[in-house]
Amino acid sequence: MGRVEDEWLWGWDLTPGIVSVWAVPDGRAFVWRRLPGTRALQRDDVRFRPWLLLASLGDLEHLGARLRPDSEGEAPGRVTWQELDGEGALRFVVRAADGSALAAAVLQGASRRLGRRIGRLRDLGPAAALELPPEEQYLVASGRTYFRELEFDDLRRMQIDLETTGLDPAHHRIFLIALRHPDGRVEILEARGDDDAAEAALVGALCDRVRAADPDVIENHNLHGFDLPFLARRAQALGVPLVLGRAGAPGLRRRPAARGARLPGDEADPMRRARYTVPGRELIDSMDAVRRYDFAARDLPGHGLKAVARHFGLADAAREQVAGARIWQTWTSDPERVRRYAAADVEEAAALARLLGGAAFGLARMAPRRYERLADAGSATGVLDPLLVRAYLRAGAALPAHAPGDGTSHSGAALHLFASGVAHRVVKADVASLYPSLMREYRIGPARDRLGVMLALVDRLVEQRLAAKARARAATPGSPERHADEALSAAMKIVVNSAYGYLGAVGLTRFADVHAANEVTRRGREVLALLCKELAGRGVTLLEADTDGVYFAVPDHFDESDERRVIAEVAALLPSRVQLEFDGRYAAMLSHEPKNYALKPHHGPLLLRGVAFRSSRAEPFGERFLRSALGELLRGDIAGVQRVYIETVTALRRRAVATADVTSRVRLTKTPAEYLAARANRRELAYEAAIQSGLSAWSVGDRIHVYRGSGGRACRLARDDDDGGDDDVSRDRRADPTRDYDVDYYVRLLRDTFAARLQRALTPETFAAVFADPEQPSLFASSLATARPILTVLLDPLREPPPDERGATAGDPSAPSF
DNA sequence: TTGTCGCGGGG
DNA sequence: GTGTACGCGACAA
C-alpha cells in the first residue's frame with residue numbers, strides 16, 4: 001500500500017514524544033513532549049492557524065476585502081479560504097489567526113442572513129459548518145499524533161483515589177486520598193479533622209503532590225464518574241483552587257462528553273454530561289478501557305475495580321476488603337485497614353490501566369485527537385470519523401456532510417436454531433471479523449467515500465489486528481504482554497467492526513450508506529447459509545448459527561482432526577478473505593433457545609450463555625442446582641439430575657439451605673416516599689422487606705438482599721456486600737439460626753423456574769418423572785437409569801435452507817423428536 | 001406478555 | 001456531545 005494510505009492512518013508529521021497537547025482558539029498550542037533518549041519533558045509553544053469548514057463563503061462576504069484566497073497569503077485581520085475538490089457539502093476551508101474571531105464572523109453573517117441570532121456554529125447544522133476543538137484543529141492540520149517513538153511505560157503515570165464519607169458531594173466529605181507516584185511509591189494523604197479546613201488542606205496537599213510529581217497521565221477506576229466530579233464539587237464548596245494542570249489558569253475544566261457524568265445541578269437537560277480536563281495532563285479512566293475490552297471479550301464478571309483486578313490476576317490475595325458503605329465507619333474504628341484498602345485500590349488501578357491501556361495508547365498514535373478523548377471515544381464517530389476527515393483534508397477533497405436516509409431500512413444478521421436439547425461432541429466454528437472481511441472481499445464501502453479511505457483504513461486495521469493476535473499467541477499465556485496484545489487486538493476489532501456500524505448509522509455519521517450496510521449483511525447471511533449447508537452435507541448435525549458462527553455436533557467416530565478437516569473443507573469453499581476458523585470443541589451442549597445454551601468443555605467448568613442461564617438476581621440455591629443438574633444432564637446421567645433435584649428439595653424442606661442462599665440481590669429504584677405513596681395499590685417484596693427490617697431510609701440504587709419468609713412475609717438479610725443503612729451491621733456474621741424462609745415457595749421456584757431450563761432435553765414423560773415431588777414418587781421412576789437426553793431437530797439445513805430474512809427462524813418446537 | 005428506557009460504577 | 005454496536009432488569013402499556 002502506498003504512502004498516501006499510510007498518512008491516512010498515521011498522519012505525516014513524525015515529531016516524536018508528544019504526551020499532551022493543549023490548544024486555545026487564539027492560535028496558540030502547547031505541546032508537551034518526552035524527548036527521545038533522555039525522556040526529559042519539554043514544552044513547545046507553537047502557533048497554528050485555526051480553521052473550520054463551511055458549505056459556502058456567503059456568511060463571510062460581509063468581511064469584504066479582508067476575505068482572501070489562501071494563495072494571497074496571511075495578513076493581520078485577514079480570513080483566508082481554500083476551495084476543496086470534488087463533490088461534498090463542506091467544501092471551503094477558512095482560516096484566521098484567531099479562531100474565536102473567525103467563528104464570530106461566520107455567526108455574524110449567518111445571523112444577518114437568517115434574520116435571527118445564531119449563537120453557535122453547531123446551530124447551523126452539520127451540513128453547513130464543521131468546527132473541531134482547538135487541539136484537533138492543530139493535530140489534523142499538522143499531521144502530528146501522540147506518542148510517536150514512545151512506549152506505554154515511557155509515560156509518567158500517577159493514580160489518585162479518593163475515600164469519602166459517602167457518595168454525594170453535597171453532603172459528604174473527602175477524608176483520605178491515596179496516591180501512587182510514577183515511581184511506584186504509594187502515599188496516603190489524610191484529613192486532620194472533620195471540618196472544612198481539614199478537607200481544604202487535604203485538597204491542597206493533593207494539588208501540591210501532583211504538581212511536584214508532574215505526571216503526564218492521571219488515572220483511576222471511574223475517575224470521571226466519581227473522583228473528579230466529587231473533587232470538583234468539594235473544591236468549589238470549600239473555595240479552594242484545584243491547581244492540577246501544567247499551564248494556564250488553575251482548575252479543572254469541564255468538557256462535554258456523551259459518556260461523562262451527569263452535570264450536578266443541571267436537571268434542566270439530563271442529557272448533558274461532562275468530563276473534566278486539565279492543560280498538559282491526560283485524565284484516563286480505566287473503566288473506559290475495561291468497557292472497551294469487555295465489549296469484545298465479554299468475559300468479565302462485572303466492571304468494578306475489584307472484580308476486574310481479580311479476573312486478571314492483578315489483585316493481591318491478601319488484599320484488604322471494605323464494603324463501600326462501611327468505609328467511613330471503618331475509618332473511625334480501624335484507620336489502618338482503610339489505609340491498606342486505599343493503597344490496594346491505587347495499585348490495582350495502576351496495574352489495570354497498564355494492562356488494558358494499550359488499545360487507547362495505540363489509537364492515539366493514529367487518530368488526530370487527544371489521548372484522553374480516544375480513551376473514551378466511541379469508535380465510529382470518535383475514531384473513524386476523525387481519521388476520515390483528516391484524510392479528506394490532506395487530499396484537498398471536499399467532505400460530505402451528514403445526510404438523511406432515503407427511507408431504506410437496515411437489515412440484520414441471520415440467527416437460526418436448528419435443534420434444541422442435548423448434543424454430544426460439539427464443535428464451534430466461526431468467521432474471524434466477518435463484516436470487515438466482507439467489506440474487504442467485495443470492496444463494499446460508502447458510496448460517497450470517493451477516495452476509498454474507509455476501505456483503505458479497514459485493510460490496514462485488519463492487518464494490524466492480525467499482527468497483534470499473532471504476537472499475543474506467541475507470548476507466554478497469562479503474561480501481561482499477551483494480555484496487552486489481546487486488549488489491543490480487541491480494540492482494533494471494535495474499531496474495524498465499527499466501520500460496519502458506521503455505514504448503517506444513517507443520519508448520524510458523515511459517510512453513512514444503508515445500501516452498503518445491507519449489502520454487507522446480505523453477504524453475511526449468504527456466507528452463513530453456505531457454510532451451514534456445506535457442514536450439514538458432511539454429516540454433522542447443526543445446532544445453532546448466529547451471524548458469523550455455528551455450533552454443530554459430529555458423529556461418534558470423529559476425532560479432533562476430523563472436526564478440523566471438515567471445517568477446512570468448508571473454509572476452502574468460502575471467499576478468500578472470509579476465514580472460517582475452528583473456535584472450540586465441547587463434550588456436550590444443551591441448546592435451549594436462540595442465544596441460550598450451556599456448554600460442557602472437555603476440561604473445566606460449564607459455560608452458561610444467555611438470560612436463561614445467567615441472571616444476576618437468581619437465588620444462589622437455584623443457580624447451584626442448575627449448575628449441578630446441567631453437569632449431570634450433559635454427562636447423560638438423568639438419574640443424577642433427579643438426585644440433585646431431590647437433594648435440593650430435601651435440603652429446602654429440612655431448612656438445610658442457608659437463608660443467604662434463597663435471597664436475591666435487588667436494587668431499590670424508588671425513594672421511600674415514592675414507595676409509601678404507591679404502597680396502598682401495590683406492595684413489592686423488596687420494599688416491604690426493607691421496611692420490615694427497620695430500614696426506613698434508603699437511597700435510590702441501594703442494593704439489598706431479600707427473601708420470602710414463611711407465610712409470605714417479606715424479609716431482608718443484611719449482608720456485607722449490600723448498601724442498606726448502617727443498622728444491624730453484624731447480623732450476617734452471626735449464625736443463621738432462623739431460616740424462616742417459605743419452603744413451599746422455594747420448592748415451587750426450583751421446579752418452575754430452574755428445572756424448567758432442562759425441559760428441552762427430556763421427553764415430557766421423563767421430565768415429569770425426574771421432577772416429580774420426591775415425597776410422591778412417580779410411576780416412571782424406575783426407568784430413569786436407562787433414560788437419555790433428547791435432541792429435537794427443528795430445521796433441516798439441507799431440505800429447507802434458512803430463509804434469507806432478518807430474525808430468528810426457530811422452527812416448530814413441537815416437531816417430532818428422536 | 002411485549003416494548004422502552006436506563007444502567008453498568010464510585011464511597 | 002446528542003450513538004455505541006451489549007445484556008439485563010425495571011416499569012409501563
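Residue numbering restarts at 1 for every chain, and letters A, B, ... go by the order of the sequence lines. Treat the numbers as computed from the prediction; the structure is a model and nothing was measured.
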Once you round it to whole Å, what is the distance between [atom2] of [N] and [atom1] of [X]?
X: A/Gln321; N: B/dG10; atom1: CD; atom2: P; result: 11 Å
X: A/His221; N: B/dG9; atom1: NE2; atom2: P; result: 8 Å
X: A/Leu503; N: C/dG3; atom1: CG; atom2: P; result: 17 Å
X: A/Glu219; N: B/dG10; atom1: CD; atom2: C1'; result: 17 Å

salt_bridge(A/Arg275, A/Asp288) N-O dist < 4.0 Å: yes
Identify whether any heavy atom of [X] sits under 4.0 Å from a base atom; if not, whether one sits that close to sugar-phosphate; answer base, sugar-phosphate or nothing.
X: A/Leu167; result: base
X: A/Leu305; result: sugar-phosphate
X: A/Tyr341; result: sugar-phosphate
X: A/Gly501; result: nothing
X: A/Asp345; result: sugar-phosphate

Results of side-chain hydrogen bond (donor to acceptor under 3.5 Å, both in side chains) for A/Asp161 - residues two or more places apart only: A/Asn220
Residues that A/Glu544 engages under side-chain hydrogen bond (donor to acceptor under 3.5 Å, both in side chains), provided they are two or more places apart: none
Same-atom distance (P) from C/dG9 to B/dG9, integer angstrom: 13 Å
Between C/dG3 and B/dG6 - P atom distance, rounded Å: 14 Å
Closest nucleotide among [options] to the [X] side chain:
X: A/Ala505; options: C/dG1, C/dG3, B/dG11; value: C/dG3
X: A/His303; options: C/dG1, B/dG9, B/dG11; value: B/dG9
X: A/Asn222; options: C/dG3, B/dG11, B/dG9; value: B/dG9

Distance, nearest 0.5 Å, that separates CG of A/Asp194 from OG1 of A/Thr165: 10.0 Å
Polar contact flag, side-chain donor to acceptor under 3.5 angstrom, A/Ser286-A/His221: yes
